[in-house]
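Contents: one structure, followed by commentary.
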Amino acid sequence: MATVALLSGTAWAADPPDPRITAATAAWANDPLYVDPDYTSVVDATQAAEMLRAIESAPVPVYVAVVPTGEWFPEEGDTELLAGRLAAANGKPGVYVVMDGTTTYGTEHEVKAYARASDYAEANQSMGSQLADYLANVKADDRYDAKPARTEPLPPRPERTSEPDRFTTRDAIGNGLGGGVLGLMSGALLAGVVLGVAAMVARRAGGTR
């Protein structure tokens, strides 16, 4: 079991290196914020300073990577998995955050804290504000387990194995009888209403003669 766990926990490392992970971990050696070159127009010096202030105010160490994400990357849209792989590559306890401009993802790594899996940005919200809002909800407490972040995809959801109910002749007859009874009841009710109205009209007509 230990061997299986070791192999499964490092299987992703055998794949070609992810340049986003390589660049982020190299940058984190000097700065807890890494911004991919594609995002330098969004995260300017002012935004970067605001983001660093939010990181420094967090109750636990925080490492942030502003990088492109999506189904076409190795994590196949599971951005929390990307955050876990960043944490494993960096090898330091803390909360690891991935931002792509519209959503903030995060995971805890070997630190007694809680962080949301994701937060969506509001319309026209700056990156600094997005990060500050996300980190404001990070909680550090001894009641949380200091466990490693997830580095493997989640198992697929089990497929539904139960067969649909079979429609039998008895069901057809039962449904037909039920419909017939309802039809008769509706018809009788309608007939009663019609007869009642007719009787009222007749009484009124008789009284005016």
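Computation of the quantities below employed the complete heavy-atom set of this structure, encompassing side-chain atoms and omitting hydrogens, waters and symmetry-equivalent molecules. This structure is a prediction, so every number in the text was calculated from the model and none was measured.
A heavy-atom distance below 4.5 Å is found between the side chains of Leu81 and Arg85. Contact annotation: the side chain of Ser126 approaches that of Glu50 to within less than 4.5 Å [non-hydrogen atoms, C-beta and beyond]. No side-chain heavy atom of Lys92 sits under 4.5 Å from any side-chain heavy atom of Pro32. Counting heavy atoms from C-beta on, the side chains of Glu122 and Tyr120 never come closer than 4.5 Å. Looking only at side-chain heavy atoms (C-beta outward), Thr103 and Thr69 stay at 4.5 Å or farther from each other.
Across every non-hydrogen atom of Glu110 and Pro93, the tightest pair is O-CB, 3.3 Å. Here the closest heavy-atom approach between residue Asn90 and residue Trp28 is recorded as CG-CE3, 3.6 Å. Ala121 and Gln130 get closest at one heavy-atom pair: CB-CD, 3.3 Å. Minimum heavy-atom separation, Gly84 to Ala149: CA-CB, 3.6 Å.
Without hydrogens or angle criteria, Arg150 side chain to Glu80 main chain gives no donor-acceptor distance under 3.5 Å. Counting only distance, with no hydrogens or angles, the side chain of Asp141 and the backbone of Tyr144 share no donor-acceptor pair below 3.5 Å. Of the possible donor and acceptor atoms, one in the side chain of Gln47 sits under 3.5 Å from a partner among the backbone N and O of Gly128.
Ring planes of Tyr96 and Tyr63: parallel class, angle under 30° (limits at 30 and 60°).
Taking Ile, Leu, Val, Met, Phe, Trp and Tyr as hydrophobic and joining them when side-chain heavy atoms fall under 4.5 Å apart, one finds Leu33 in a cluster with Val35, Tyr39, Val42, Val43, Met51, Leu52, Ile55, Val60, Val62, Val64, Val66, Val95, Val97, Met99, Val111, Met127, Leu131, Tyr134, Leu135, Val138.
Note that CG of Asp119 and CD of Gln125 are 9.0 Å apart. Values are rounded to the nearest 0.5 Å. Distance check, rounded to the nearest 0.5 Å: CG of Leu86 to OG1 of Thr107 gives 10.5 Å. Note that CG of Asp100 and CG of Leu82 are 10.0 Å apart. Values are rounded to the nearest 0.5 Å.
Both Ile21 and Tyr34 are assigned to one and the same hydrophobic cluster, defined by single-linkage of ILVMFWY side chains at heavy-atom distances under 4.5 Å.
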